[in-house]
Amino acid sequence: LKPFRLNAFRPIWLGGIAWPRSSLAPVRPMTSLTAPMSRRRWAGHAVVVAVLGPCAWAAGPPPLMVNPCQKAGSTFSAMAFCNASLPIEARVADLISRLSLDDKIKLMDRNGVALPKLGLNAYNWWEESTHGISPPRNTEKTPWETNFAFPITTSMSFNRSLWKATAQQIGREARAFANAGDEFSTFWTPVVNLAREPRWGRNLETPGEDPHLTSEYARHFIHGLQEAPEDPGHVLGSACCKHYVANEMEGANEGAAQGDRHSFDAKVDMRDLVDSYMLPFQACVEQGQVTSLMCSYNAVNGVPSCANDWLLQTVARDSWGFDGAIVSDCDADDDVYSRHHYTATPEESVKKILDAGTDVDCGGFVTQHAKSAMSQGLITEGDLDKRLFYQFRLRMRLGHFDPVGPLDRISMEEVCSPYALALSRDGAAQGATLLKNDAGALPLQKPAAGAVAVIGPNGNLSESIAGYYGGNHPCFMKFWTLADAA
């Protein structure tokens with residue numbers, strides 16, 4: 001059973017009822033759309049379902065993730081993939097051997113598929129955490145999450161320990177949500193593209209324009225998000241460096257620069273590509289030991305990133321030593337065929353994508369065309385196994401199939417704690433640019449200052465921007481604005 005999802009955002013669960021996010025629609029209670037049709041009625045653009053008797057989720061929704069190996073005495077716990085004493089490669093091989101071809105094809109999608117025969121719920125690979133976990137499932141147990149300053153702000157502190165501490169708090173809150181049943185473990189952050197075009201709409205997600213600063217930010221953020229001192233043998237939360245590579249544009253309509261990010265071919269000479277655009281990604285892998293990379297929408301010198309075996313295999317895996325999972329940006333695999341026209345058929349694009357090394361397809365393109373590609377002799381079941389190996393190897397490292405350990409004991413007490421709030425405030429303060437305080441003009445003295453006007457479109461932007469790749473239910477639902485600062 002799935003709750004109705006308003007505008008593709010997860011609802012908030014309170015009292016066994018799914019409530020739409022107040023920032024997107026008038027708050028009206030709604031239950032999952034499983035009641036008889038006669039009990040449903042429309043109310044504006046929200047849905048209200050009349051429910052008689054006890055709510056189906058009186059105790060809250062079921063957990064998003066379940067560890068089948070922690071069910072003592074179950075048939076799953078006796079399977080080799082649950083044996084934490086075995087090498088991880090052997091455990092992954094055992095798990096994959098238990099999958100049907102249909103399972104394998106469906107698992108290529110970022111939404112995955114539930115596998116009851118292995119005790120697994122469907123796994124969602126796509127979560128965000130640029131400045132706080134997003135979008136978690138908020139319930140009575142998990143009502144809010146800490147919202148931190150954007151990378152473009154904290155990077156201006158030039159404080160490596162701040163970057164690591166911020167990411168580690170995000171990682172711990174994510175694990176606390178997961179332990180409460182309301183979050184997954186793979187986060188598509190940090191953005192390490194270079195902010196070299198001030199009109200690019202995503203500059204606030206990046207650390208800035210400098211390759212060295214971006215590289216330093218990346219490695220410390222990754223260490224923070226992925227590492228927990230009490231359990232060095234497991235990954236706290238998986239980081240994903242994106243968008244690999246030369247993906248610093250959304251759209252252009254100026255002279256020779258025409259198109260958008262889905263069809264753009266970045267023409268970059270090798271020196272600039274290696275010394276600038278690829279340098280932060282190299283730092284992600286070699287210094288940060290990042291567990292995931294995202295291939296981008298664009299092509300690089302004629303080859304779409306998600307079908308580019310030179311980028312994904314020769315450089316990332318063979319040269320840098322990357323051993324994690326490669327995910328596609330959403331619909332980037334489809335773009336290989338439909339927007340870049342790199343192959344004559346969708347099936348040929350599937351072959352290029354799998355051969356290049358893309359492990360998780362966000363958008364369903366591979367899942368849609370894999371059977372046809374196989375019937376044409378373009379791919380084999382073994383090609384799917386190679387990609388699934390990296391998927392499940394990462395999930396093993398996250399502890400999804402291990403006995404109870406230290407990470408399972410991270411609780412919601414760490415979320416929105418005094419430490420988290422102080423750290424969040426410190427990030428904004430350390431990133432501030434201060435002007436010379438001539439004649440002691442600041443701070444303003446209340447009696448003499450009189451009224452203060454906060455003017456401009458960003459004066460009350462806090463609630464709108466909170467959910468932009470970060471949590472839109474900040475601690476205690478307080479959205480701080482410039483007016484508060486004044």
Side-chain angles (χ1 to χ4, degrees), residues 62-127 136-137 171-172 174-188 225-228 230-240 289-292 322-327 359-360 384-411:
L64 296 175
M65 290 193 298
V66 175
N67 185 337
C69 305
Q70 291 181 7
K71 297 179 179 178
S74 71
T75 56
F76 312 120
S77 60
M79 296 178 180
F81 70 83
C82 284
N83 187 346
S85 66
L86 293 176
I88 192 170
E89 291 77 12
R91 298 175 67 193
V92 172
D94 176 74
L95 193 154
I96 293 175
S97 73
R98 300 175 187 275
L99 303 175
S100 68
L101 176 60
D102 189 56
D103 293 334
K104 294 175 182 180
I105 290 174
K106 291 178 180 177
L107 285 168
M108 292 303 300
D109 188 73
R110 68 96 175 169
N111 280 315
V113 63
L115 299 169
K117 63 185 177 183
L118 299 181
L120 291 173
N121 292 353
Y123 185 80
N124 176 22
W125 287 87
W126 181 13
E127 302 292 331
R137 185 175 68 180
R172 297 187 74 84
R175 183 61 73 153
F177 266 74
N179 290 341
D182 291 325
E183 186 55 289
F184 295 95
S185 300
T186 43
F187 300 92
W188 292 1
L225 187 67
Q226 294 190 165
E227 297 172 3
E230 67 268 42
D231 191 357
H234 288 97
V235 175
L236 176 63
S238 171
C240 175
Q289 288 79 53
V290 73
T291 52
S292 185
F322 177 66
D323 64 354
I326 295 175
V327 304
D359 304 306
V360 179
L384 300 177
D385 291 347
K386 290 177 184 177
R387 308 282 59 95
L388 292 172
F389 170 83
Y390 289 106
Q391 286 191 26
F392 283 107
R393 184 178 186 275
L394 176 51
R395 293 195 61 186
M396 292 278 182
R397 295 183 63 194
L398 285 159
H400 291 178
F401 304 93
D402 282 1
V404 175
L407 299 185
D408 296 300
R409 291 187 277 273
I410 295 176
S411 74

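In this text the structure is predicted, and so the values were computed from the model without any measurement.
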Engineer: Can you name the nearest heavy-atom pair linking Arg110 to Asn124, along with the distance?
Structural biologist: NH1-OD1, 2.7 Å
Engineer: Please round to the nearest 0.5 Å and tell me the distance separating atom OG of Ser411 and atom CZ of Arg172.
Structural biologist: 9.5 Å
Engineer: Sequence neighbours excluded, which residues qualify as salt bridge (Lys or Arg N to Asp or Glu O under 4.0 Å) partners of Asp109?
Structural biologist: none
Engineer: Measuring from Arg98:CZ to Leu115:CG, what's the distance to the nearest 0.5 Å?
Structural biologist: 12.5 Å
Engineer: For Lys386, does the NZ atom have more than 12 heavy-atom neighbours from other residues, nucleotides or ligands under 6.0 Å away?
Structural biologist: no
Engineer: Can you see which heavy atom on Val290 is nearest to which on Ala239, and at what distance?
Structural biologist: CG2-O, 3.4 Å
Engineer: Heavy-atom count check: over 12 atoms from other residues, nucleotides or ligands less than 6.0 Å from Lys104 NZ?
Structural biologist: yes
Engineer: For the atom pair CG (Leu107) and CZ (Phe392), what is the distance rounded to the nearest 0.5 Å?
Structural biologist: 5.0 Å
Engineer: Look at Asp402 together with Arg91 and state whether they make a salt bridge at an N to O cut-off of under 4.0 Å.
Structural biologist: yes
Engineer: To check you understand the geometry: which heavy-atom pair defines the closest contact between Asn179 and Ile410, and what is its length?
Structural biologist: ND2-O, 2.9 Å
Engineer: Can you tell me if Asn67 uses its side chain to pair, donor with acceptor, with the backbone of His400 under 3.5 Å?
Structural biologist: yes
Engineer: Work out which heavy atom in Thr186 is nearest to a heavy atom in Tyr123; give both atom names and the distance.
Structural biologist: OG1-OH, 2.9 Å
Engineer: Tell me, please, which residues at least two apart from Asn121 pass side-chain contact (heavy atoms from CB on, under 4.5 Å).
Structural biologist: Val66
Engineer: Testing the basics here: between Pro68 and Leu120, what is the closest heavy-atom pair and its distance to 0.1 Å?
Structural biologist: CD-CD2, 3.7 Å
Engineer: Hey, are Arg393 and Asp323 close enough for a salt bridge, meaning a charged N less than 4.0 Å from a carboxylate O?
Structural biologist: yes
Engineer: Hey, what do you get for CZ (Arg175) to OG (Ser185), rounding to the nearest 0.5 Å?
Structural biologist: 5.0 Å
Engineer: Hey, what do you get for CG (Leu394) to OG (Ser292), rounding to the nearest 0.5 Å?
Structural biologist: 6.5 Å
Engineer: Could you report the tightest heavy-atom contact between Arg397 and Thr291, atom names first, then the distance?
Structural biologist: NH1-CG2, 3.6 Å
